[in-house]
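Read the numbers this way: they start at 1 and go in the same order the structure lists the ligands and their atoms. Please read these numbers as outputs of a predicted model, since none were measured by experiment.
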Amino acid sequence: MKELFTHTDVAYWRQNATGRIGLVPTMGSLHAGHMHLVEAAHAECDTVIASVFVNPLQFGPDEDYEAYPRDYASDRDQLAAAGVDGLFAPSVDTMYPRGLAAATVVDVPGLTDILCGAHRPGHFRGVVTVVAKLFNRIRPHLAFFGEKDFQQLAVIRRMADDLATGVEVRGVAVDREPDGLARSSRNAYLNDDQRQRAAVLYHALLEARDRLTSGSHDIATIEEFGRQRLSDAGFQVDYFTVRAVNLNPPDTSTTEFRVLAAGWLGRARLIDNLPASR
Ligand code: PAF
């Protein structure tokens with residue numbers, strides 16, 4: 001596996017890369033969920049490149065940019081063992097040579113103002129900006145993102161389409177711990193007691209999904225039930241909501257839904273979602 005740190009490294013690597021190129025963008029602190037993204041990339045691509053970059057532009061001023069877990073040596077070893085061909089690990093200066101405040105940014109209005117965007121102002125601007133930069137530098141044919149960040153996936157798809165990047169954006173199913181908790185680098189913030197309670201997020205989503213599947217039309221009650229389940233387990237709830245798959249509020253003709261939730265357990269902000277239909 002070739003380690004790449006500068007744009008020159010990437011340009012040279014890209015010139016020599018062959019076949020369909022798949023990109024797996026990450027912020028490092030890799031776990032089994034990331035390795036499933038790599039597997040999905042290998043299944044469809046001839047050459048796989050991953051990026052490891054904790055992107056300061058997607059963290060708010062009071063968020064966990066400094067504390068975000070980082071372990072480059074472990075990330076590199078896992079990616080090499082998974083057969084990744086290239087690893088792009090740029091510095092902040094490499095990605096934002098004019099500084100964060102002066103950086104050209106990409107905005108996806110509307111879709112970024114709801115759900116996580118309403119609770120993390122500017123977050124998705126940072127995400128789509130860095131992903132657009134990675135797409136432009138690496139020029140992959142496909143790029144792979146986890147469905148745990150379902151709104152992020154929708155926003156990136158919109159950007160890729162609107163800016164005619166030519167990159168096919170793939171969503172990969174949520175990877176879960178045995179008790180159902182979605183794998184996330186931020187799970188490392190949970191203490192033992194919080195870790196026990198964290199799976200309530202998944203179980204509340206499952207119950208909401210079952211209610212929808214069995215024909216309940218009372219969305220407000222389902223959402224209220226979900227919020228209550230989470231706060232009973234000690235979560236500070238950001239949202240628990242039932243949406244159409246395009247993330248608009250559902251109407252009476254909606255048959256395909258996504259149930260999405262986000263909340264804080266201690267200093268960990270956990271998010272998760274499930275598909276549902278009726
Ligand atoms: O999902 C993530 O890890 C990040 O938001 C991403 C897509 C790598 C952009 O920094």
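Which parts of ligand 1 touch V130 is read off a 4.0 Å heavy-atom cut-off, strictly below it: atoms 9 (C), 10 (O).
Heavy atoms only, all atoms of each residue included: F150 and V245 are closest at CE2-O, 3.7 Å.
Within the model, atoms NE2 of H203 and CG of L181 stand 9.5 Å from one another, a figure rounded to the nearest 0.5 Å.
Put simply, the residue from I114, V242, L205, L247 that forms a side chain to side chain contact (heavy atoms under 4.5 Å, CB included) with L260 is L247.
The nearest non-hydrogen atom to atom 5 (O) of ligand 1, considering only Q152, H34, M27, K148, comes from Q152.
When only non-hydrogen protein atoms are considered, atom 4 (C) of ligand 1 lies nearest to Q58 NE2, 3.7 Å.
With hydrogens and angles disregarded, no donor-acceptor distance shorter than 3.5 Å links the side chain of D179 to the backbone of A199.
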